[in-house]
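Shown next, in C-alpha cells, is the structure this report addresses.
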Amino acid sequence: MGIWDKEQYVREGVPSYLDERRFSQIGRSVPKVDAAVKVKGEAVYTDDMVLPGMLYAKIKRCKEYAHAKIKKIDCSKALALPGVLAVLTGDEAPNKWGIVPHNCNETVLAIDKVRFYGEGVAAVAAIDEETAEAALDLIEVEYEPLPVLLDPFESMARSNEVLIHDDKPGNICHQGDQIYGDVDKAFAECEYVLEREFKTGMPQQGFIEPQSALASYDPQSGRLHLWASNQVPHYLHVQMSNVLEIPMSKIRVTIPTVGGGFGGKGEACPSEFVACLLSRKTGRPVKLTYERNEVFFTNKGRHPCHMKMKIGADKDGYLQAVEFDNTMDKGAYASWGVVVMFYTASMVHLPYKIPNARSYVRNVYTNKPSMGAMRGLGGVQPKFAMECMLDELAEMMGISPYELRMKNSVESGYTAANNMYVPHTEYKRCLQTAVEKSGYLEKHGKLPFGKGIGLGGGNYISGTAYTLYPSYKPHTTVVLRVDTEGGATLHCACTDIGQGVNTVMAQMAAEALGLYFEDIHIQSQDTEIGTFDLGTFASRLTYATGTAIRAAAEPINQKLKEIAAGMLGCRADHLQIKDHKISSMYETKKSIEWEKVVQVAINSVGALIGIGHFSPPRRKGIDIVTGNRIQGANIGHSPTFGFSCQVHEVDVDVETGRVRVKKVTESGDMGTMINPMAADGQVEGSIVYNMGSALYENQVIDENGEHLNPNFHDYKMPTVMEMPEMSINTLKDSYDPTAPFGAKETGEGAVQPTFPAIVNAIYDAIGVRFYEVPVTKEMVLKALKEKKEKEAKY
C-alpha cells in the first residue's frame with residue numbers, strides 16, 4: 001500500500017481529511033485551553049503554591065569531587081540552627097529507584113559514595129529558604145577522593161581498577177546486539193560501501209521551570225499528597241510507593257502547570273523524594289525547588305554517542321545493509337539508558353528500506369551527570385549519522401541526495417527487518433514537497449562559497465507498544481461524563497507539559513460527542529481524580545487518548561440516539577450527532593437540540609458515563625520465514641509513525657566561523673492535524689530545539705568532573721535573534737486509517753532531520769564534512785584552515 005490519493009481514499013471507504021464535511025472540531029486552529037491563564041499570569045506552578053505551616057527544603061551537594069567515598073556526615077550543627085526542623089541523609093532512604101525496574105540504581109541521596117559533581121548528600125527542612133541555605137553550610141562531610149572517569153572508553157579500559165557501580169563489571173550499564181539478515185554477505189555484494197564515525201554532544205533540555213515539589217504528609221491517615229513538576233505522574237507514583245514504602249492507594253500525585261519538560265521531567269527526581277521524606281519526618285508540608293545549577297547537575301539530558309556506521313548499496317542505488325556500533329556515555333546512573341540504547345539500534349532502519357542490519361550497542365557509566373530522556377530519544381543520534389552518510393554516499397554514486405532517499409524510502413504497509421510495521425507513511429511526499437518548496441535541486445552545489453543548502457529526513461514513533469515494567473494493562477483510560485450540571489467532562493491523568501494535549505483531547509472529545517471544543521471540560525494531571533495514563537513521553541498521547549476517547553463516546557452517543565429516536569419518531573441507527581444537534585441522516589426535518597435529549601436522559605437514567613481504554617497493538621516478534629523470535633522485537637515498535645523532511649539553508653562566516661541557519665523548509669506527515677496552529681508550533685519548536693544542539697549547545701565538564709556552565713548565561717541556547725525564516729508545509733491531506741481521527745505524532749519526528757540537514761548544508765557551503773555536533777565556530781575555522789593548507793599543497 002503506497003501513497004494514497006483522493007480516489008483511493010474514496011475506494012477504500014476511508015473518511016479522509018480531504019472530505020471537509022468529515023470533521024467540525026478536529027482541524028480547527030484554536031488557542032490552547034490554558035492560553036488565557038498563562039497570558040494573564042494566573043497559571044499556578046508548583047513553586048507558586050503555599051500551604052499553611054509549610055517548610056522549605058534544600059539539598060547539600062558535593063561540589064568538591066565527582067567521585068569520592070563518603071567517610072562521615074555530621075549534621076549536628078545544622079540541626080542546632082534555630083529554624084531548622086529536620087535533616088535527611090541517604091541512609092534514611094536506602095531503597096533504590098529508577099524509571100526501568102530492572103535497572104533501578106539511584107538512591108534519594110548518595111549513600112557510601114558520590115558518583116558525579118553536584119550529587120546530593122544531605123537535605124534540610126527549615127522555616128524559610130534563607131535558614132535552609134545557612135544550614136547546608138553547617139553540614140560537614142568528609143570525603144575520600146576516587147579516580148574520576150569522564151570518557152566511556154577510558155571507563156571501560158580502567159574498570160579493573162575503578163568501578164563506578166560495584167555490581168556493574170566493565171562499568172557497562174547495559175549492552176546488546178541486534179542482527180537481522182546476512183549482513184556480511186550483503187556488504188560483500190554491495191557496489192558502494194561507506195564507513196564513518198560520528199560523535200554527538202551533551203545538550204540539556206533547557207526547560208524554563210526548574211523541578212519543584214511540594215509534599216504534604218498526614219500522620220493520622222498516613223496519606224501523602226505530592227504536587228510536582230513532572231511529566232509521568234504514574235511512574236512517579238510507582239517510584240514514590242517503592243522508595244517510601246507506602247501503598248499507592250495512600251499516595252496522590254497532582255501535576256500543576258508544567259513549564260516545559262522535553263523528557264527532562266520524564267522520571268522521578270530527588271527533589272520529589274526529599275520533599276516527601278521531610279514532610280513525613282516533620283509532619284508539615286515541605287517544598288523544594290531547584291536552583292538552575294541544580295537542574296544541570298541532576299541533568300538527565302541527551303546521551304553523548306560515539307557511533308561507527310557502515311552502509312552499503314547495490315549498483316542501482318538501493319540500500320542493502322547497515323552496521324551500527326554505538327558507545328553511549330551513560331553518566332553516573334541508569335535512568336532511561338537501556339531504553340535509549342536499544343532505541344538507537346532500532347531507529348537505524350526507518351525511514352528507509354534496509355533488509356540487512358546489525359547493531360552493537362552499549363551504555364557506559366562515567367562520573368558525569370546521568371543522561372536520560374530528551375526530545376526524540378534514541379532517534380536523534382543515529383539519524384544524524386545515517387542522513388549525513390546518505391549525502392556522502394550519493395556523492396560517491398554521482399546522484400542527488402534527494403534521488404537516493406526517494407529510491408529507498410519506506411511506503412505504507414512496510415515491515416522492517418526487526419519487525420517494525422509501518423501502517424501508513426507519506427514520507428516520499430514529504431521529500432518531494434520540501435525539495436520543491438525550497439528549490440533544493442536548483443540550489444544544491446550551486447550557491448556561492450559560504451552559502452549552502454542541506455537535506456535531512458527522519459521519523460518517530462507515535463507511542464510505544466510496551467510499558468517500562470512487565471504489565472499488559474491498557475496504557476490509557478479515559479472517562480467521559482455528560483450531565484446537566486457539568487456539561488461534558490473528560491477525565492484522564494495524562495499530563496500537559498506545554499505541548500497542548502489538554503487542548504487536543506478537548507477537540508477530539510468534542511468531535512466524538514458532536515459538540516464544540518469550547519464545551520469540553522478537562523480533568524487531568526491527577527492520579528486521584530483522573531483515570532490511568534502512563535504519562536507524557538514517546539509522542540504517545542494524541543494516539544492513545546484519541547483511541548480511548550472514541551471508545552468512551554460510543555455508549556453515550558448510543559444512549560442519546562435511543563432516547564432521541566423516541567422523541568423524533570425514527571430509528572436510532574439513522575441518527576447522527578453533530579454541532580449540538582441530533583438529526584436524521586435521511587429526513588432533514590427530524591432534528592433536536594442535543595441539550596434537550598441530555599435533559600431527558602438525565603431525568604430518566606441519570607448521568608451518562610463512558611469509559612474508553614487504549615492498548616497498543618503488539619507485534620509477536622516472530623520471523624515469518626524462519627519461525628524464530630526476532631531479536632529486540634519489542635524495541636521501537638509503535639502503532640504508527642510520523643515523518644518529516646527538512647531543507648536548511650545556511651550562511652557560514654569564513655572570518656569568524658559562525659554558522660547561521662537562514663531558512664528552513666519543512667514538510668511533515670502527521671496524519672490529520674487536530675489543531676493546525678499548535679501543530680505548526682510544535683514543528684517550529686522542534687527545529688529550533690535541535691538547531692541549538694547542532695551548533696552551540698553543550699554542557700562543559702572539566703578534567704575533574706566539575707560542571708563549568710550550569711546556567712543559562714554560559715550554556716548557550718537559540719533565542720529569537722537566531723530564529724530562521726520558517727516555511728512549514730505539513731501535508732494537510734494525510735490521513736492514517738489506523739489512527740484515531742487519522743492523527744499521529746509531530747512533536748518529535750520533526751526533531752530528527754535537523755542535525756543532518758544543517759551539517760549537510762555546511763558541507764554544501766564550504767566543502768567540509770563534519771562528523772561531530774555541535775559544529776562550533778572553532779571547529780569551522782580549524783577546518784577551513786586545514787582545507788586551505790591542503791589545497792595549497794596541490
Side-chain angles (χ1 to χ4, degrees), residues 65-70 96-107 110-117 119 144-179 183 197-202 267 299-310 323-348 358-373 377-378 381-382 385 468 631-632 634-635 699 701 703-705:
Y65 307 103
H67 197 197
K69 289 183 180 179
I70 301 173
K96 294 182 178 181
W97 59 276
I99 191 70
V100 183
H102 65 277
N103 253 359
C104 290
N105 66 350
E106 293 190 59
T107 52
I111 302 174
D112 298 329
K113 73 173 182 176
V114 294
R115 293 177 172 86
F116 65 93
Y117 177 89
E119 185 168 7
E144 178 187 321
L146 295 169
V148 176
L149 303 176
L150 300 174
D151 177 81
F153 294 98
E154 181 191 13
S155 183
M156 288 187 288
R158 296 184 61 188
S159 60
N160 288 335
E161 57 180 294
V162 185
L163 280 180
I164 295 175
H165 293 275
D166 292 340
D167 62 340
K168 290 296 180 180
N171 282 326
I172 294 175
C173 171
H174 209 283
Q175 61 184 339
D177 304 336
Q178 293 183 12
I179 303 171
V183 179
E197 294 189 23
F198 294 84
K199 288 184 179 181
T200 59
M202 184 179 165
E267 58 187 292
N299 189 40
K300 304 291 175 72
R302 184 177 289 140
H303 293 71
C305 289
H306 186 134
M307 300 170 287
K308 298 178 182 179
M309 185 174 279
K310 178 180 178 181
E323 183 173 88
F324 180 68
D325 186 296
N326 185 15
T327 300
M328 301 174 64
D329 188 337
K330 178 79 253 2
Y333 293 100
S335 182
W336 281 83
V338 64
V339 178
V340 179
M341 182 191 76
F342 276 119
Y343 269 35
T344 65
S346 68
M347 297 285 181
V348 168
R358 180 166 57 205
S359 295
Y360 305 114
V361 287
R362 66 205 59 83
N363 230 323
V364 184
Y365 286 116
T366 62
N367 294 122
K368 292 178 182 175
S370 304
M371 308 302 153
L377 68 87
Q381 300 97 323
L468 296 175
Q631 292 178 319
N634 62 333
I635 302 297
Q699 295 180 84
I701 310 294
E703 66 276 7
N704 298 314

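We use all heavy atoms of the structure for the numbers below, so side chains are in, but hydrogens, waters and symmetry mates are not.
Checked by atom type and distance alone, the side chain of D325 never pairs as donor or acceptor with a backbone atom of K308 at under 3.5 Å. In this structure, the side chain of N171 engages the main chain of V162 through a donor-acceptor pair within 3.5 Å. Looking at K330, its side chain never comes within 3.5 Å of a backbone N or O of T366 through a donor-acceptor pair. In this structure a side-chain-to-backbone donor-acceptor pair under 3.5 Å is missing from N103 to A334. Although no hydrogens or angles enter the test, the distance criterion places a donor-acceptor pair under 3.5 Å between the side chain of R115 and the main chain of I164. Counting only distance, with no hydrogens or angles, the side chain of T344 and the backbone of P382 share no donor-acceptor pair below 3.5 Å. Between the side chain of H67 and the main chain of P147, a donor-acceptor pair closer than 3.5 Å is present. Not a single donor-acceptor pair under 3.5 Å links the side chain of N367 to the backbone N or O of F116.
Inter-residue side-chain proximity for M341 and N326 is flagged as unmet; no heavy-atom pair is nearer than 4.5 Å. For the pair N299/M202, a side-chain contact is recorded, criterion being any heavy-atom separation below 4.5 Å from C-beta on. Using a 4.5 Å cut-off on side-chain heavy atoms (C-beta onward), F198 and Q381 make no contact. No side-chain heavy atom of K168 sits less than 4.5 Å from a side-chain heavy atom of L163. Put simply, the side chain of K300 does not reach to within 4.5 Å of the side chain of W336, judged on heavy atoms. Side-chain contact between T107 and K96 is present, with heavy atoms from C-beta onward closer than 4.5 Å. At a threshold of 4.5 Å between non-hydrogen side-chain atoms, the residues I70 and V114 count as touching. For the pair K368 and Q699, the minimum side-chain heavy-atom distance is 4.5 Å or more.
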(request) Might you work through the side chain to side chain contact (heavy atoms under 4.5 Å, CB included) test for M156 and T327, ending with a clear yes or no? (result) CA-CA 11 Å; M156 288 187 288; T327 300; 4.1 Å; yes

Apply the test side chain to side chain contact (heavy atoms under 4.5 Å, CB included) to residues Y360 and Q175: give CA-CA distance (whole Å), side-chain angles for both, the deciding distance (0.1 Å), then the verdict. CA-CA 8 Å; Y360 305 114; Q175 61 184 339; over 6 Å; no

Would you sort out whether M307 and T200 count as a side chain to side chain contact (heavy atoms under 4.5 Å, CB included), showing the intermediate values?
CA-CA 9 Å; M307 300 170 287; T200 59; 3.9 Å; yes

**Report entry** Test side chain to side chain contact (heavy atoms under 4.5 Å, CB included) applied to K69 and L146, step by step
**Finding:** CA-CA 7 Å; K69 289 183 180 179; L146 295 169; 3.9 Å; yes

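For the atom pair NE2 (H306) and CG (D151), the distance works out to 9.5 Å, reported to the nearest 0.5 Å. Once rounded to the nearest 0.5 Å, the distance linking CD1 of I179 with CD of E323 reads 9.0 Å. The OG atom of S159 sits 11.0 Å away from atom CD of E154, with the distance rounded to the nearest 0.5 Å.
The minimum heavy-atom distance linking S155 with Y365 is given by the pair OG-O, 2.6 Å. Listed here is the closest heavy atom pair of I701 and P369: CD1-CD, 4.4 Å. Nearest heavy atom pair, residue G705 against residue A66, reads CA-CB, 3.8 Å. The minimum heavy-atom distance between P145 and A68, with the atom names listed, is CA-CB, 4.0 Å. Across every non-hydrogen atom of V364 and P152, the tightest pair is CG1-O, 3.4 Å. Of all heavy-atom pairs spanning N363 and D329, the tightest one is OD1-C, 4.3 Å.
A donor atom on one side chain and an acceptor atom on the other are found under 3.5 Å apart for E267 and S335.
When the shell of 6.0 Å around CG of D112 is examined, it contains 12 or fewer heavy atoms from other residues, nucleotides or ligands.
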